There are 2 protein chains.
Amino acid sequence: MKVLIVDDDRDLRELIGFALTQAGFLVVKAADGPSAVRIFDAEAPDVVVLDINMPGASGFQVCEAIRARSSVPVMMLTVRSEEEDLIKALELGADDYLTKPFSPKTLLARLKALLRRAGMESAAAPLAAGRITLNIEEHTAQIGGGAPIRLTKLELRLLQMLLTNSGRTVSSDRLLVHIWGHRNSGDRQLLKQLVHRLRQKIETDPAIPHYLQTAAGAGYKLVVD
Amino acid sequence: MKVLIVDDDRDLRELIGFALTQAGFLVVKAADGPSAVRIFDAEAPDVVVLDINMPGASGFQVCEAIRARSSVPVMMLTVRSEEEDLIKALELGADDYLTKPFSPKTLLARLKALLRRAGMESAAAPLAAGRITLNIEEHTAQIGGGAPIRLTKLELRLLQMLLTNSGRTVSSDRLLVHIWGHRNSGDRQLLKQLVHRLRQKIETDPAIPHYLQTAAGAGYKLVVD
DNA sequence: CCGGTCGGTTACAAAGTGGTTATAGACCCG
DNA sequence: CGGGTCTATAACCACTTTGTAACCGACCGG
């Protein structure tokens with residue numbers, strides 16, 4: 001599930017991005033209207049979080065541009081007490097809005113509700129990078145055009161995390177937190193095991209990993225070339 | 001377009017009713033939880049506006065009861081600063097909310113947006129996918145040109161949910177919520193049973209399910225090819 | 001060399017999941 | 001009331017997934 005975050009406020013952009021990444025979204029960001037439209041075309045996100053108050057009030061224009069080419073759900077961010085803006089946004093085709101300030105928890109709940117309504121609750125648009133695609137709702141992965149590989153819950157989370165950060169090394173600690181949620185930091189054995197099991201499933205020769213490579217002393221990374 | 005307004009505050013109820021009548025809605029009203037459910041069943045409204053703060057906090061219960069029998073859009077009314085309630089409501093299946101106080105104009109805009117979103121999935125037509133058709137009034141299903149199969153209430157809801165998401169996996173949790181309303185998540189046994197019984201009815205060989213397939217660790221899906 | 005850590009591997013125990021059968025309570029209707 | 005259907009609960013089995021432990025070889029600093 002890919003989400004595009006459009007906001008000129010760098011801090012807020014990063015905050016939202018972090019929260020949604022943690023929640024399992026693949027995040028792309030834009031800082032202004034023109035680049036938002038460009039990135040929208042390039043990345044084809046499944047949902048857009050769009051700040052309405054940007055230099056040039058271009059939030060409306062972005063919403064309009066998006067609506068002109070797609071019906072993806074759009075969540076508007078507004079400041080309170082600008083009801084007129086709000087109505088305008090909704091009539092322009094935005095699907096929901098959130099008034100600042102809001103907690104990440106709220107944003108997440110609303111975003112989920114929005115996606116549920118749009119009937120795309122982790123539907124289509126499987127997470128993908130290179131030759132690997134991940135179908136989260138079916139708990140399967142596919143390499144190239146091969147047969148789908150069934151993954152367990154934990155394997156899914158591991159691959160999801162690596163896939164959303166494909167090409168970059170993900171530290172063992174981050175993986176531990178993402179997969180198990182908080183544990184004694186000594187629990188590397190679990191990760192060791194999980195990596196081993198996932199390799200058995202996705203590597204042609206698990207002894208010489210091609211995709212799931214080890215970054216000694218740091219963590220693991222997914223090579224997608 | 002029929003709207004059910006549920007609010008214990010008589011003035012607000014009348015105000016909203018007036019505004020929506022002016023806007024061309026057919027309005028029915030209820031003043032408390034129990035009568036709301038009764039009127040919902042009797043009137044089958046197309047959309048519900050539901051106050052969350054009613055004696056006995058029964059707004060949640062009403063939302064739950066409505067979700068248990070239908071997927072009509074529900075707009076919640078809340079007072080500001082009760083974020084927990086809000087999240088609870090959205091997770092219970094409400095589709096949108098509005099914080100008091102609000103102007104009739106806002107309510108109308110939001111309601112229209114809500115209906116537009118839900119509009120594409122308005123399901124007057126007999127639910128069908130592939131060779132399977134579901135007759136909700138008759139509580140029967142039909143496969144190909146075969147004889148109608150009588151279904152129980154729960155079997156109907158299960159098949160309905162799978163049918164509206166045919167081809168995609170539906171998580172066990174979503175099924176539990178849709179079929180039973182809200183339960184301890186530990187109640188997988190019920191779902192297990194229900195799936196088993198439905199398979200007995202619709203599969204030619206229940207041991208090798210053709211339509212109702214399980215996605216291990218994820219949920220179930222209906223294959224319609 | 002030696003002991004230590006690190007990552008990979010093997011083996012096994014513990015916990016969980018899904019299918020099935022059986023049984024008892026709930027509910028409905030004549 | 002009685003008989004039927006529907007639903008909830010439990011128990012069992014086979015199988016999968018996950019957690020834990022031990023062993024191995026590579027590497028590294030003393």
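These numbers were taken from a predicted model, which means no experiment stands behind them. A, B, ... follow the sequence lines: proteins, then strands. Residue 1 opens every chain.
At least one donor-acceptor pair closer than 3.5 Å links the side chain of A:N135 to the backbone N or O of A:E138. Judged purely by atom type and a 3.5 angstrom limit, A:N165 has no side-chain atom pairing as donor or acceptor with the backbone of A:R168. Looking at A:D51, its side chain never comes within 3.5 Å of a backbone N or O of A:V6 through a donor-acceptor pair.
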Expected string for nucleotides 24-30 of chain D under the B/S/- scheme (protein heavy atoms, under 4.0 Å, primed atoms plus P, OP1, OP2 as sugar-phosphate) is -------
Letter per nucleotide, 5' to 3', of nucleotides 16-25 of chain C [B base touched, S only sugar-phosphate touched, - untouched; heavy atoms, 4.0 Å] = -SBBBBB---
Scan the side chains in residues 27-40 of chain B for donor-acceptor partners under 3.5 Å anywhere in the protein, sequence neighbours excluded, and list what turns up.
| residue | atom | partner | partner atom | Å |
| --- | --- | --- | --- | --- |
| B:D32 | OD1 | B:S35 | N | 3.1 |
| B:D32 | OD1 | B:S35 | OG | 3.2 |
| B:S35 | OG | B:D32 | O | 3.2 |

Would you be so kind as to tabulate the donor-acceptor pairs closer than 3.5 Å made by side chains of residues 201-211 of chain A, with sequence neighbours excluded?
| residue | atom | partner | partner atom | Å |
| --- | --- | --- | --- | --- |
| A:K201 | NZ | A:R150 | O | 3.1 |
| A:K201 | NZ | A:E155 | OE1 | 2.9 |
| A:E203 | OE1 | A:H210 | N | 2.7 |
| A:E203 | OE1 | A:Y211 | N | 3.3 |
| A:E203 | OE2 | A:H210 | N | 3.3 |
| A:E203 | OE2 | A:Y211 | N | 2.8 |
| A:E203 | OE2 | A:L212 | N | 2.7 |
| A:D205 | OD1 | A:A207 | N | 3.0 |
| A:Y211 | OH | A:R131 | NE | 3.3 |

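The distance between atom NE2 of B:H139 and atom C1' of D:dT7, rounded to the nearest whole Å, is 15 Å. Rounded to whole Å, the distance from CG on A:D187 to C1' on C:dG7 is 16 Å. Remark: C1' of C:dA11 and CZ of A:R197 are 11 Å apart, rounded to the nearest angstrom. Protein atom CG of B:L154 is 13 Å distant from nucleotide atom C1' of D:dT5, rounded to whole Å. In this structure, CD of A:Q213 is placed 15 Å from C1' of C:dG7, rounded to the nearest angstrom. B:I179 places its CD1 atom 15 Å from the C1' atom of D:dC6, with the value rounded to the nearest Å. Distance A:E155 CD to D:dT16 P: 13 Å, rounded to the nearest Å. Taking atom CG on A:L190 and atom P on C:dC6, their separation rounds to 16 Å, with Å as the unit.
Residue B:L222 holds its CG atom at 12.5 Å from CD of B:Q160, rounded to the nearest 0.5 Å. Rounding to the nearest 0.5 angstrom, the gap separating the CG atom in B:L158 from the CG atom in B:L176 is 10.0 Å. How far CG of B:L191 is from CG of B:L175: 5.5 Å, rounded to the nearest 0.5 Å. To the nearest 0.5 Å, atoms CZ (B:R13) and CG (B:D7) are separated by 7.0 Å.
The bend of the helix from C:dC1-D:dG30 to C:dG30-D:dC1, defined by the angle between the axes of its first five and last five pairs, stands at 30° to the nearest 10°.
Every residue two or more places apart in sequence or in another chain that forms a side-chain contact (heavy atoms from CB on, under 4.5 Å) with B:A141 is listed here: B:L134, B:L151, B:L159.
Residue contacts shown for A:L194 are absent, as no nucleic acid heavy atom lies under 4.0 Å away.
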